[in-house]
Amino acid sequence: MSGVRLAHDDRGEVAQLHGLGIQRFGDLYYAYGENKVKGNLFQGVVCYTSPDLQDWTNRGIVLPVRDEGLLAADTIAERPKVLRCPSTGEYVMYVHAERHDYSYAHVAVAVADDPLGPFRFLFSMQPFGNISRDIGVFQDEGGEGYLLSEDREHGTHIYRLSADYHSVVEDVVCLKGTDYAFGYESPTMIRHEGLYYWFGSQLTGWDCNDNMFATAPAIEGPWSDWRPFTPEGSRTFDSQCDLVLPLPDGQFLYIGDRWNPDDLGNSPTLWLPIRIGGGNASLEWHDEWHYEA
Ligand code: GAL
């Protein structure tokens, strides 16, 4: 796999794998991306499937543009993340839902019986009254679901989801960065060998910065200090973390956006192995690397 790439789908078009969420359901990876072909305004969430994270089949728009209100064509929706709820079998999508000027700061919830949708918009919320900007999701080994959500005022929260994954039932933890006034955004989390690893980026909009991670033995903490996982000043190899994905061969895949604000739909993505263990995380640059998907 190439370290940085602009993946093309089976139609020969640039795959809109921006701000993406990936899950493996059955034999396939399902990637849900921000469709940025015509710029930043909402054009529907698009889904691609792949057996190997290399070749992507375009499965079309799975969360359509609504006629009016939230998720309409004059709004913004970012970081679509899907989980399969173990207690209902339903597929639940969380997505950051905004007005065109980023003044709304809600998270929208949509559901489907099939991972290819169509996802039905249920409602949007500000969890426990907190604003919600960049989001991520996490499913623990026991099946509990979590929503990670950046709230400018208090920090970044991890909320526990209800049994049906439709809503939040507990504000488990809320953290600001180390020597940093805010919580980190573009949050993503994994669990490995009894430790939780939480990743996020500083708040610099489309610009890149040194992204950070922290670890804890339990979601409620205690959490370590935050520190970078790439050489300081490398700006995470000019990317913003999006996902850290466990691979079947034991490696972890880092996926990060290298945003191109003037042409968002052609923003390339970094796909790199990230070494994780013993409380450390380290991302190294590779032009090409091999993995078992
Ligand atoms: C970033 C965020 C992106 C997008 C961008 C807009 O901070 O991570 O998802 O919202 O700002 O400027």
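When a ligand or atom number is given, it counts from 1 through the structure's own listing order.
- Taking the six-membered ring for Trp and the full ring otherwise, the centers of Trp198 and Phe213 sit at least 6.0 Å from each other.
- Judged by the 6.0 Å and 45° rule, Arg24 forms a cation-pi pair with Tyr29.
- No donor-acceptor distance shorter than 3.5 angstrom exists from the side chain of Asp9 to the backbone of Trp56, with no hydrogens or angles considered.
- In this view, Asp151 satisfies the salt bridge (charged side-chain N to carboxylate O under 4.0 Å, His left out) rule with no residue, not counting sequence neighbours.
- The CZ atom of Arg235 lies 11.0 Å from the CD atom of Gln202; values are rounded to the nearest 0.5 Å.
- Taking a heavy-atom cut-off of under 4.0 Å, ligand 1 is surrounded by Glu78, Arg79, Tyr102, Asp134, Glu185, Gly205, Trp206, Gln240.
- Relative orientation of the Tyr30 and Phe25 rings is tilted, given thresholds of 30° and 60° on the angle between their planes.
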